[in-house]
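Numbered from 1 within each chain, the chains take letters A, B, ... in sequence-line order.
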Protein chains: 2
Amino acid sequence: MSPTVRRTTLAVDVVVLSPRSDTLAVLLVRTAVGARERWSLPWDAPQAAEGLEEAAARITTAALGAAPAYFEQVGALCDGRRHPGDADVSIGIAVLSPAGDGIPLEDAEWFPLAALPALAPRHRTVVDRAAAVVRQRVDQSPVAFRLLPPTFTLSDLQAVYQLLLGRRLHKASFRRALQASYLVEPTDEWRSEGRGRPAQLFRYAPKKRRGARRGVRFDLFSD
Amino acid sequence: MSPTVRRTTLAVDVVVLSPRSDTLAVLLVRTAVGARERWSLPWDAPQAAEGLEEAAARITTAALGAAPAYFEQVGALCDGRRHPGDADVSIGIAVLSPAGDGIPLEDAEWFPLAALPALAPRHRTVVDRAAAVVRQRVDQSPVAFRLLPPTFTLSDLQAVYQLLLGRRLHKASFRRALQASYLVEPTDEWRSEGRGRPAQLFRYAPKKRRGARRGVRFDLFSD
DNA sequence: TGACATTGGTGCCGAATTGGTACTAATTCG
DNA sequence: CGAATTAGTACCAATTCGGCACCAATGTCA
């Protein structure tokens, strides 16, 4: 007996993340009147012959008014939990939006990750997993750079890392490690941010580097 | 205009991984006569009201004759590439099978990851992504422990890490880091493996530990 | 039976990395 | 001009890392 496909209902649920005044924020859209919850993630079914990221881009554009530059797959969910459109399977996609980019359209609004309104249970799971994925990949994916404008100060970058990791970082160590990674290069612009010394602007420009990694880290969470 | 679901064909493609004589091996099943390729990943459509991991467990059991203990989601694929069952969307799931566990059923066989036969393009992608995901999560997920029997020697464990990371590890450093991680505990059994001093057997038993992580690592790949 | 090969496990030490404090630099505010 | 504020760096002690050497326990073979 060889396998055969069956028809399933599928939804792409998009978690647009952006740093917003010292917290990570998620973009939610207002649901139709009469729905069980007032807010939901932007979502839709993928159109025929449309890739998942294309679908995510389309959905994001509809809610944020800007095409997103970076995606991170969160994974497929097929628990029994309720989805706003009753899709059998959800594919969660995290979209990273640079701080201050895009203006939410009429029925969309930013919510701090720590203070979300009630969501359909499936969407709640997708958000949680998206946040976890992004946080876990901070040091393997250029996640932090995609939450910043094309040029940024090193303090901006460190602030994003601290947001994502949820802890303070040592300034000198952070810069030493960044230097050694060849991930950024300085521009010749400087930014004066009100008071204090102006900061040099950098851009994300990863260079080839020999993968001279050292010892193993056992960073398992005690699950 | 609010979103609506559409019907799509969906496949769960399973990548069963197991260490096999010094390489990672993948379980493939023979395809029906007349198919474009002679081998494919074990796959099927999820049944109604079946979770993704349930489906993966069922598919694995059908090919390996043993229920798998550990899953790692690889993600959903919806590129235009060809799938053996022409599914619109594939969900890749990596299943970790302890070394020597299970006996492939009639039409299934282990292939070293580095020497796979021709596969449908979509399956090829799924395998590559599964391997990449497992390798990347080695130090965040108990991946290595799921590729070993319940008790194992530290040399076994180090060998798996080396397989996954693709490089030698320093013995003393490896053990120091492992010690500090409180992930394993010794049993009072010893195993004599032919010649040489017998090795103490350990089991995976993660303990709570304060998350005293240090500096950031910028381990981005030069993509 | 006793050297030797083989594998397991640990101690030591110089080198590299880390994180804290303190310092200098450049700017705004009053 | 001096105080306040933010950027960036220098130094240094403590920790961690990685290489080497060593000891331990077993099987092999003369």
Distance check needed: [N] [atom2] versus [X] [atom1], whole Å only.
X        : N      : atom1 : atom2 : answer
B:Phe152 : C:dG9  : CZ    : P     : 12 Å
A:Gln179 : C:dT17 : CD    : C1'   : 15 Å
B:Arg175 : C:dC12 : CZ    : C1'   : 17 Å
A:Phe174 : C:dG20 : CZ    : P     : 15 Å
B:Leu154 : D:dA24 : CG    : C1'   : 16 Å
A:Phe202 : D:dA7  : CZ    : P     : 12 Å
A:Gln158 : D:dG8  : CD    : P     : 11 Å
A:Leu169 : C:dG20 : CG    : P     : 11 Å

Give one of base, sugar-phosphate or nothing for B:Ser155, where a contact means two heavy atoms less than 4.0 Å apart. sugar-phosphate

When every non-hydrogen atom of A:Arg135 is compared with those of A:Leu113, the smallest separation belongs to NH1-CD2, 4.2 Å

Are A:Thr31 and A:Arg38 linked by a side-chain donor-acceptor pair shorter than 3.5 Å? no

Quick one about B:Thr153 and B:Asp156 (side-chain donor to acceptor, distance below 3.5 Å, no hydrogens or angles considered), yes or no? yes

Give the nucleotide from the list D:dG8, C:dT18, C:dG8 with an atom nearest to the side chain of B:Lys171. C:dG8

Select one nucleotide: of D:dG8, C:dG9, D:dG19, the one nearest the side-chain heavy atoms of B:Ala172. D:dG19

For C:dG19 and A:Ser173 - does any side-chain N or O of the residue sit under 4.0 Å from the phosphate oxygens OP1/OP2? yes

A:Arg176 side chain N/O closer than 4.0 Å to the phosphate oxygens (OP1, OP2) of C:dT17? no

Assign each of A:Arg197 and A:His170 to its nearest nucleotide of DNA chain C by heavy atoms, then name whichever residue's nucleotide is nearer the 5' end. A:His170

Ranking A:Arg195 and B:Gly196 by the position along DNA chain C of their nearest nucleotide, the one closer to 5' is B:Gly196

Is the distance between the ring centroids of B:Phe174 and A:Phe218 under 6.0 Å? yes

Straight-line distance of B:Thr60 OG1 to B:Leu96 CG, nearest 0.5 Å: 10.0 Å

